[in-house]
Amino acid sequence: MIPYGRQSISEADIDAVVAVLRSPWLTQGPAVPAFEAALAQSCQAQHAIAVSSATAALHLACLALDLGPGDWLWTSPNTFLASANCARYCGANVDFVDIDLATGNLCVAALAQKLEQAEALGRLPKIVVPVAFAGQPCDMAGIRQLADRYGFAIIEDAAHALGSTYRDRPTGCGDWADISVLSFHPVKIITTGEGGALLTPHRHLAERLGLLRSHGVVREPLSILDDGPWCYEMQELGYHYRLTDIQAALGISQLQRLPGFVARRQALAARYQHELADTGLALPVVSEHSQSAWHLYVVGWPEHHPISRRTALEALRADGIQAHVHYIPVHLQPYYRQFGFGPGLFPNAETHYQRALTLPLHPALTDDEQTRIISRLKTLLGTTHSKETA
Ligand SMILES: *Cc1c(COP(=O)(O)O)cnc(C)c1O
């Protein structure tokens with residue numbers, strides 16, 4: 001099976017991990033701070049905090065921004081569950097803003113309109129989480145303008161977008177978002193097995209995030225329990241969301257390969273764009289100010305085609321090509337329906353979901369494999385007779 005996404009592990013990656021296994025530190029040693037420094041440099045961020053997953057990072061970001069019961073967090077319905085769940089971990093309410101059908105990203109005009117209504121109702125969000133869908137950054141300047149006007153914080157879910165740029169600045173640089181979150185799950189741009197990171201321009205947030213990822217424990221300055229060199233204090237409720245040195249060593253090695261990964265992803269995406277033009281598929285639209293690292297390549301299946309998106313996906317899979325669908329809109333999940341969400345509320349996200357077909361794209365995908373995917377897809381698109389009943 002050609003997977004829709006997967007890691008690329010080199011001998012250098014393996015050597016880096018083995019070196020940690022032979023060292024005195026498996027966790028909380030030198031590799032984590034070294035990985036954080038490398039991430040900050042790569043993304044031109046002031047501060048980088050490595051954690052156990054992007055989900056943990058989103059949770060900590062909400063905590064550091066004091067999200068709690070009675071507060072609202074808004075995000076895109078076209079995302080992985082974690083972009084919304086982080087608010088629920090804090091007891092806060094979730095709402096969604098519909099997407100631009102062309103990019104799959106949160107629609108800034110829809111956000112502006114919803115903010116206007118929310119202001120009138122006294123129900124403005126404390127946090128908005130734009131998601132860089134498939135790797136393409138959102139209209140961050142537009143969202144920043146609204147954040148300044150309405151007073152919400154921006155957590156950019158950049159789980160897909162390490163290595164992307166917006167207005168010639170790397171994702172995570174902190175020019176627009178208060179916090180950007182990365183994921184190092186194996187299907188993402190680089191991997192640490194499991195892992196994530198937070199990037200922020202704000203020192204106070206970086207310090208708070210550093211405490212919250214490790215039980216909220218400080219060693220200095222101590223306020224009450226200052227009895228000797230063994231002492232530590234828990235000053236607020238934190239979690240155990242640390243990354244290990246084993247993972248961080250893999251991350252450092254993978255990060256050195258980031259330019260090559262992004263170049264390969266961009267080349268594969270460019271070939272799809274070229275060869276699938278004029279086939280009837282709705283191809284991904286890249287905005288003027290963005291360069292995508294292409295975590296995903298998602299096309300829209302033609303609406304009135306004789307074979308359905310599902311039939312096409314199943315035919316591809318039967319042929320060893322793991323096509324996929326990104327994303328089931330979060331507001332349609334059973335868990336979220338208890339809050340009154342359901343079909344029809346975010347029509348663009350629902351339409352996007354109906355049509356979406358994710359084609360394999362990862363650095364280890366070979367030219368021959370891509371040729372096979374394109375040719376199989378063109379055959380399916382050329383199919384005029386369906387075995388399906390109408
Ligand atoms: C993968 C992903 C996450 C969660 O990442 P983990 O590291 O698996 O916790 C969050 N948001 C988006 C958009 C993702 O794709």
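Ligands are counted one by one from 1 in listed order, and the atoms in each one are counted from 1 as well.
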> With a 6.0 Å cut-off (strictly less than), is the heavy-atom count around CD of E207, excluding the residue itself, greater than 12?
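Enclosed.
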> Evaluate the ring planes of F133 and H160, with Trp represented by its six-membered ring, and classify them as parallel (under 30°), tilted (30 to 60°) or perpendicular (over 60°).
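The rings of F133 and H160 sit tilted, inter-plane angle from 30° to 60°.
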> Does either side chain, that of T192 or that of Q247, offer a donor lying less than 3.5 Å from an acceptor on the other one?
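The criterion, which ignores hydrogens and geometry beyond distance, is not satisfied for Q247 and T192.
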> Please determine if K126 forms a cation-pi arrangement with W72, meaning its NZ or CZ atom is less than 6.0 Å from the six-membered ring centre and no more than 45° off the ring axis.
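K126 over W72 ring: no.
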> Can a side-chain donor-acceptor contact be found between Q273 and Y297 if the only test is distance below 3.5 angstrom?
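Their side chains do contain a donor-acceptor pair, which is all the 3.5 Å distance test asks for.
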> Looking at R144 and D148, does any basic side-chain N land under 4.0 Å from a carboxylate oxygen?
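Counted as a salt bridge, because a side-chain N and a carboxylate O are separated by less than 4.0 Å.
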> Is there any protein N/O under 3.5 Å from an N/O of ligand 1, and what does the full list of such pairs look like?
| residue | atom | partner | partner atom | Å |
| --- | --- | --- | --- | --- |
| ligand 1 | 5 (O) | S183 | OG | 3.3 |
| ligand 1 | 7 (O) | A54 | N | 2.9 |
| ligand 1 | 7 (O) | S183 | OG | 2.8 |
| ligand 1 | 9 (O) | A54 | N | 3.3 |
| ligand 1 | 9 (O) | T55 | N | 2.8 |
| ligand 1 | 9 (O) | T55 | OG1 | 2.6 |
| ligand 1 | 11 (N) | D157 | OD1 | 3.3 |
| ligand 1 | 11 (N) | D157 | OD2 | 2.7 |
| ligand 1 | 15 (O) | H160 | NE2 | 2.7 |
| ligand 1 | 15 (O) | K188 | NZ | 3.1 |
| ligand 1 | 15 (O) | Y327 | OH | 3.2 |

